[in-house]
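Below you'll find the structure I mean.
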Amino acid sequence: RAARLPGLDPNLGPALERFRDLLAQDPAGQIQPHGGSLVQEAGNRLGNLLLASVGDLVANSDRLIVSPDGILNQIPFGMFGSPGDGTGAPPALLDAHEIVCVPSAALFVDLRRRAQGEAGTMPSRQILALAAGGRDGAPSLPGAIEEVNWLHRRFRDVDLRSPGRPTGQLRPGDLERYRVLHFASHTLLDDQHPWRSGILCDSPDSTALAYLRASDIAPLRLTARLAVLSGCESAGGRVLSGEGVLGLTGAFTSAGVPAVVATLWPVQDRTTTRLIRKFYDSLEQGETAGNALRRAQLTVRMDPRTRHPFYWAGFVIIGDGDVRVSLKRRIPVGTTVAASAVA
């Protein structure tokens, strides 16, 4: 069904920008925090405005695949209220739907085709887990360091790269060795030249190139099924009508990664660590990447301390939400010794 959206309304763009600003404000720094109620009220109105004409289709669907344009690239659709009859407070779309973003329908089909064709490809390593900070004025992120350390303790075949841990220089071609790429690091965004955007990869004592640039990633042929960019504003980039968001997420999808998890605004370090753990727990249990992210977001949302959308709504999945990743948990040393004794 084709439905005309109120895209020509001159008030819609400013309203969406104000809504995004409300979502991205850290409630800890507000004089009178509103606990998310004001944000959800605005989301309810916007959801009804944008989706009322397809409300019946939304109500009968478990997943929404969104190909946004313009400012909508910076809005998490999960925060919109489900379109209804206007009576009572509608639930947020995230409560009952998995939300997946795609740059375009054509790219979505191509990513899914590639994901299915390369499902049997087995890279030599399971996960690249990288955290960096303290360089070029970027502060260290204790939560990010704990995040990658947890991945290293939890799963087998994890290449851990974090401050204080001597490792060789990460080169773009090295990314071809992994099934999952996890970057818990600062990102440098260049709105005027999106392909110059990069991920901080090295700590202060390193003399290697500081940033892994989007222009370095895009030409690669990656076998990774999933890339997780849990740094600050990793989904950002210059917005062009009809082209989606250019930048780091576009670089990974261009390189063939079917699913990318990214953030729409600077996220809170410690809460992100909790959300990421829940995300990987669900992946390990066989959930799709899209549903694993939704479960992680709802878990953080249910905690009264992190109920505000600032803490969880900024995470989005771009590409094929049906992607699954086989993760092998590290066997505790005690278990191995006991098994050897029995043998």
Side-chain angles (χ1 to χ4, degrees), residues 1-20 22-23 36-113 235 239-245 249 253 258-262 264 288-295 297-298 301 309 312-323:
R1 180 190 307 173
R4 183 177 294 278
L5 301 182
L8 299 180
D9 185 341
N11 297 319
L12 181 60
L16 288 168
E17 290 179 5
R18 289 193 296 270
F19 179 59
R20 196 262 186 190
L22 281 174
L23 291 170
S37 58
L38 179 62
V39 174
Q40 192 58 65
E41 181 181 350
N44 293 343
R45 295 183 179 184
L46 287 169
N48 201 57
L49 177 66
L50 289 168
L51 301 174
S53 58
V54 290
D56 57 324
L57 299 180
V58 172
N60 292 315
S61 302
D62 296 322
R63 173 188 292 163
L64 300 182
I65 300 175
V66 181
S67 182
D69 189 30
I71 184 60
L72 286 173
N73 279 293
Q74 301 297 310
I75 304 293
F77 268 67
M79 277 301 303
F80 285 151
S82 299
D85 56 9
T87 61
L93 287 175
L94 188 69
D95 289 336
H97 301 82
E98 179 186 322
I99 313 292
V100 177
C101 294
V102 296
S104 69
L107 182 57
F108 172 65
V109 171
D110 185 57
L111 287 173
R112 176 161 286 187
R113 177 184 57 79
V239 177
L240 297 177
S241 178
E243 294 296 329
V245 176
T249 53
T253 55
V260 182
V261 172
L264 296 176
T288 64
N291 200 42
L293 180 61
R294 175 177 172 268
R295 287 190 173 198
Q297 289 176 293
L298 291 176
R301 183 186 179 190
W312 51 268
F315 288 85
V316 294
I317 185 163
I318 300 167
D320 185 2
D322 274 341
V323 164

Problem set entry | Any Val316 side-chain heavy atom under 4.5 Å of Ile99 side chain |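 No, their side chains stay 4.5 Å or more apart.
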Exercise. From Asn73 CG over to Cys101 SG, what is the distance, rounded to the nearest 0.5 angstrom?
Worked result: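 Asn73 CG to Cys101 SG: 8.0 Å, rounded to 0.5 Å.
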Problem set entry | Over all atoms of both residues, closest heavy-atom pair of Phe19 and Ala42 |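 Shortest heavy-atom separation between Phe19 and Ala42 comes out as CD1-CB, 3.8 Å.
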Exercise. Nearest 0.5 Å, what's the CG-CZ distance between Leu23 and Arg18?
Worked result: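 Answer rounded to 0.5 Å: 13.5 Å.
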For this session: Return the minimal non-hydrogen interatomic distance between Pro83 and Gly47, and the atom names on each side.
Result: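 Taking Pro83 first and Gly47 second, the nearest heavy atoms are CB-O, 4.3 Å.
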Problem set entry | Audit row: Leu93, Leu51, side chain to side chain contact (heavy atoms under 4.5 Å, CB included) steps and yes/no | CA-CA 11 Å; Leu93 287 175; Leu51 301 174; 3.8 Å; yes
Exercise. Nearest heavy-atom pair of Ile75 and Leu16: which atoms, and what distance?
Worked result: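 Scanning both residues, the minimum pair turns out to be CD1-O, 3.4 Å.
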Exercise. What distance separates Leu72 CG from Phe77 CZ, expressed to the nearest 0.5 Å?
Worked result: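 That separation rounds to 4.5 Å.
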Problem set entry | Check: Ser82 side chain, Pro90 main-chain N or O, donor-acceptor pair, under 3.5 Å |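 It does not hold such a pair.
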For this session: Only counting residues at least two apart or in another chain, list the ones meeting side chain to side chain donor-acceptor pair (under 3.5 Å) with Asp322.
Result: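 Checked Asp322 against side chain to side chain donor-acceptor pair (under 3.5 Å); matches are Arg63, Arg112.
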For this session: Kindly indicate whether the side chain of Leu12, heavy atoms from C-beta on, has any atom under 4.5 Å from the side chain of Leu50.
Result: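 A side-chain contact under 4.5 Å exists here.
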Exercise. Measuring from Leu57:CG to Leu64:CG, what's the distance to the nearest 0.5 Å?
Worked result: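 Rounded to the nearest 0.5 Å, the CG-CG separation comes out at 10.0 Å.
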Problem set entry | Nearest atoms (heavy-atom pairs only) where Gly319 meets Leu111 |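 What the structure gives for the nearest pair is CA-CD1, 4.0 Å.
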Problem set entry | Side-chain ion pair, Asp62 and Arg294, N-O less than 4.0 Å |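 No, Asp62 and Arg294 are not salt-bridged.
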For this session: Specify the closest pair of heavy atoms between Glu98 and Thr288, including all atoms of both residues, with the distance to one decimal.
Result: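 Nearest heavy atoms, Glu98 then Thr288: OE1-OG1, 4.1 Å.
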Exercise. CZ/Phe80 to CZ/Arg45 distance, rounded to the nearest 0.5 angstrom?
Worked result: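 CZ of Arg45 is found 14.0 Å from CZ of Phe80.
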For this session: Measure across Leu264 and Gln74 and return the closest heavy-atom pair with its distance rounded to 0.1 Å.
Result: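 Smallest interatomic distance, heavy atoms only, reads CD1-O, 3.8 Å.
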For this session: Among Leu293, Leu94, Leu298, find the one that has a side chain to side chain contact (heavy atoms under 4.5 Å, CB included) with Trp312.
Result: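 Looking at Leu293, Leu94, Leu298, the match for Trp312 under the side chain to side chain contact (heavy atoms under 4.5 Å, CB included) is Leu94.
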Exercise. Is a side-chain N or O of Arg301 found less than 3.5 angstrom from the main chain of Asp95, in a donor-acceptor match?
Worked result: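 Such a contact is absent between Arg301 side chain and Asp95 backbone.
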For this session: Using modelled atom types only, decide if a donor and an acceptor are shared between the side chain of Asn48 and the backbone of Asn44 within a distance under 3.5 Å.
Result: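 Judged by distance alone, no pair lies under 3.5 Å.
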